[in-house]
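In each ligand, atom 1 is the first atom listed, and ligand 1 is the first ligand listed.
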Amino acid sequence: MGTLETPLRRLLPEPGAVTVGELVAGFDPAAAAPADRPRVYTNFALTVDGRATIDGRSGAIGSDADTAMLVGLRMRADAVMIGAGTLRAEGYGALIRDPAKRAQRERQGLDPEPLTVLVSERLAVPWTAPLFTEGTGRVVIFTAAGDEPPATATPVEIVRHPGGVDLDAALRTLRAGHGVRALLCEGGPTLHGALLAAGLVDDLFVTRAPRVAGGPGPGLFSGLEAGVRELDLVWLCESRGELFARYSVR
Ligand SMILES: NC(=O)c1ccc[n+]([C@@H]2O[C@H](COP(=O)([O-])OP(=O)(O)OC[C@H]3O[C@@H](n4cnc5c(N)ncnc54)[C@H](OP(=O)(O)O)[C@@H]3O)[C@@H](O)[C@H]2O)c1
């Protein structure tokens with residue numbers, strides 16, 4: 001699970017064999033970061049019918065190759081941002097567990113694991129999640145709520161936006177105050193929609209799994225108002241019928 005040696009078949013731009021590690025090594029979001037906020041890239045797995053969940057979670061959508069892609073993208077991140085809905089549904093713990101990968105990040109001048117950034121308007125946070133009890137890494141929470149958090153093993157910093165979380169201001173704070181140049185948003189659809197609506201998404205990594213979920217459920221975005229946004233397809237890879245696309249926002 002999650003090995004960067006996972007082979008893929010690159011279909012575009014030049015057809016050929018590539019590993020997940022080689023593919024993500026060619027993606028350097030930190031180098032392309034604007035001066036005032038991080039470069040923001042997002043990663044989602046969808047079914048062919050565009051569902052982001054099966055039975056309320058994402059785990060049954062993608063394969064081991066999709067997990068490898070997620071880990072590869074985390075390896076390029078100074079910070080990983082999630083919405084509270086994703087934390088409540090998925091649980092979350094350490095972002096990079098493999099000691100070899102943690103060491104690799106340190107050799108590249110990064111922290112052993114990315115900073116976790118949580119967005120929760122109401123501070124409706126499951127404090128018993130491993131993210132808070134494992135004591136590895138660091139967490140920054142952007143919230144509109146005034147509540148005090150409980151004591152946690154993992155250091156938590158709360159940044160309050162009393163009038164409602166301002167994602168643009170949050171990203172500026174992360175860049176200026178925490179040195180975050182490359183930020184991976186792992187969801188969910190509500191946070192993804194808010195980031196795109198605010199013009200704050202630079203790259204989208206979308207896995208399309210060869211299965212159909214059926215029924216209702218969220219897709220790539222929730223709450224995104226109508227309006228065409230143009231994307232460029234940067235690459236397309238395949239593994240066992242699963243498609244891995246990278247788009248950049250024009
Ligand atoms: N397929 C995939 O790749 C993938 C990826 C991620 C998640 N998911 C799935 O998506 C589902 C969750 O969907 P979701 O849309 O609820 O997830 P979400 O965006 O992670 O969570 C929504 C919650 O996050 C907070 N939030 C999001 N945007 C905010 C903003 N702009 N300002 C302030 N707070 C904000 C709010 O938290 P509060 O309610 O605490 O105020 C909001 O209720 C889960 O079933 C999960 O499994 C799938």
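A donor-acceptor contact under 3.5 angstrom links the side chains of Ser63 and Glu242, judged on distance only. A donor-acceptor contact under 3.5 angstrom links the side chains of Thr207 and Asp66, judged on distance only. When only modelled atom types and interatomic distance are considered, Ser58 and Glu90 share a side-chain donor-acceptor pair under 3.5 Å. Residues His178 and Glu157 bring a donor and an acceptor atom of their side chains to less than 3.5 Å of each other.
If you look at ligand 1, the protein residues with a non-hydrogen atom under 4.0 Å away are Phe44, Ala45, Ala52, Thr53, Gly56, Arg57, Ser58, Ile61, Gly83, Ala84, Gly85, Thr86, Arg88, Ala89, Glu90, Val119, Ser120, Glu121, Arg122, Ala124, Val165, Leu167, Glu186, Gly187, Gly188, Pro189, Thr190, Leu191, Ala194.
Taking the ring-ring contact (aromatic ring centres under 6.0 Å, His included) definition, one finds that Phe27 meets it with Tyr41, Phe205, sequence neighbours left out.
Contact annotation: the side chain of Asp203 approaches that of Arg39 to within less than 4.5 Å [non-hydrogen atoms, C-beta and beyond].
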